[in-house]
Amino acid sequence: MNRVLFPRLHLAEIEDQSWCPDFLRTHTHRALARAWKTTTSKNGSPAFQASKILVRELGGLSKTAEYTFIDSCAGAGGPTPIIEPRLNEQLRAAGLGSVRFKLTDLWPDLKAWREITSKSENISYIEEPIDATKAKRLSGDKKECRLYNLCFHHFDDPAAAQVLESAVESSDAFFIFEITHRTLPALLNTTFIILSPFITTIYDWWWSPFHLIFTYLIPLIPLFYAVDGYVSCARVRTPEETWKLLTRSSGLSKEEWEQKNGWKLRSGSQVVLPPFGTLYWYSGVKNEAK
Ligand SMILES: C[S@@+](CC[C@H](N)C(=O)[O-])C[C@H]1O[C@@H](n2cnc3c(N)ncnc32)[C@H](O)[C@@H]1O
């Protein structure tokens, strides 16, 4: 089912263009934030399941408590407002301190972030645009874990390599989560998401003639979802393509690179939004100093 159907194509997404109207970008980010919290599985929402992957891959709750999490391309917040309370509840139950999350983005959605941070003292944001290809350490003396939620495919190979190199140089762990891909389940799941504005616009934007006209009369918003949704699928990388971005300049194999640099690179996938929605994850965790 998870067989990649065609080669990766780095086509252009409309939301990456500087001329993309803000209302289209906001609409799609709200849809993604909703997809993260939709629950069709007995194992909980995609965000809930992503938080389990984080804890497991970081080595358990006490190791997880050592990190500050930087949501590097946060959009409208993605899974962070769901992961933070769940994770901190678990940490407190285990007698550990709370962890903090920081939202950053090249195009900060300050309106959405103010609402999120007003509900949690453990989430803050950086108001200025931060380019994930040139990110600096933001966690002070805590370990830093960078999250790339549904965004890594936005970067072409040179930029994606810079994102990973920056994470390896100035952080202690990173996680890439993708829900689109070049696989049949991901393409089918994306089709559901593309059709979703026909339902959700009436809930989210009933007060805005603008959104109602461009969804139901001239379906510009669903068309935008279709272009960016399928283009996202075409741009997601396999684990091999992802790790090659880190290893190719040295000519090392993944295992040799891990050995030389003291990092563990892992990946996996699991169905988080049945029937088709699959979360593809890729993690890098720096080994403990001996
Ligand atoms: C598809 S949205 C994902 C939003 C959110 N992480 C989620 O899971 O719903 C991709 C995000 O990547 C951001 N982005 C694109 N290029 C970036 C860059 N170079 N640095 C930081 N953020 C970037 C965009 O502004 C957008 O918010």
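In each ligand, atom 1 is the first atom listed, and ligand 1 is the first ligand listed. We're numbering straight along the sequence, starting at 1. Computed from a predicted structure; not experimentally measured.
- For His211 against Ser208, the heavy-atom pair with the smallest separation is ND1-OG, 2.9 Å.
- The shortest contact between atom 27 (O) of ligand 1 and any protein heavy atom is with Asp105 OD2, 2.7 Å.
- Only the backbone of Ala74 comes within 4.0 Å of ligand 1, counting heavy atoms alone; no side-chain atom from C-beta on gets that close.
- Residue Phe155 has no nitrogen or oxygen atom sitting less than 3.5 Å from a nitrogen or oxygen atom of ligand 1, judged on distance alone.
- The shortest heavy-atom distance from Arg25 to ligand 1 is not under 4.0 Å.
- Among the atoms of Asn149, some N or O lies under 3.5 angstrom from an N or O of ligand 1.
- A heavy-atom separation below 4.0 Å is found between Trp36 and ligand 1.
- Stacking of Arg266 on the aromatic ring of Tyr282 is not recorded, the 6.0 Å distance cut-off and the 45° axial limit not both being met.
- In summary, the side chains of Tyr280 and Asn2 do present a donor paired with an acceptor at a separation below 3.5 Å, with no hydrogens or angles considered.
- The shortest contact between atom 12 (O) of ligand 1 and any protein heavy atom is with Cys73 CB, 3.3 Å.
- In terms of N/O distances under 3.5 Å, ligand 1 is not approached by Glu15.
- For atom 20 (N) of ligand 1, the closest non-hydrogen atom of the protein is Ala132 N, 2.9 Å.
- Scanning the protein heavy atoms around atom 10 (C) of ligand 1, the nearest turns out to be His154 NE2, 3.6 Å.
- When only non-hydrogen protein atoms are considered, atom 19 (N) of ligand 1 lies nearest to Asp131 OD1, 3.0 Å.
- Counting only N and O atoms by type, the side chains of Thr133 and Asp131 include a donor and acceptor under 3.5 Å apart.
- Residue-to-ligand polar distances keep Thr133 apart from ligand 1: every N/O pair is separated by 3.5 Å or more.
- If you run side chain to side chain contact (heavy atoms under 4.5 Å, CB included) between Asp157 and each of His10, Gln162, Arg237, only Arg237 comes through.
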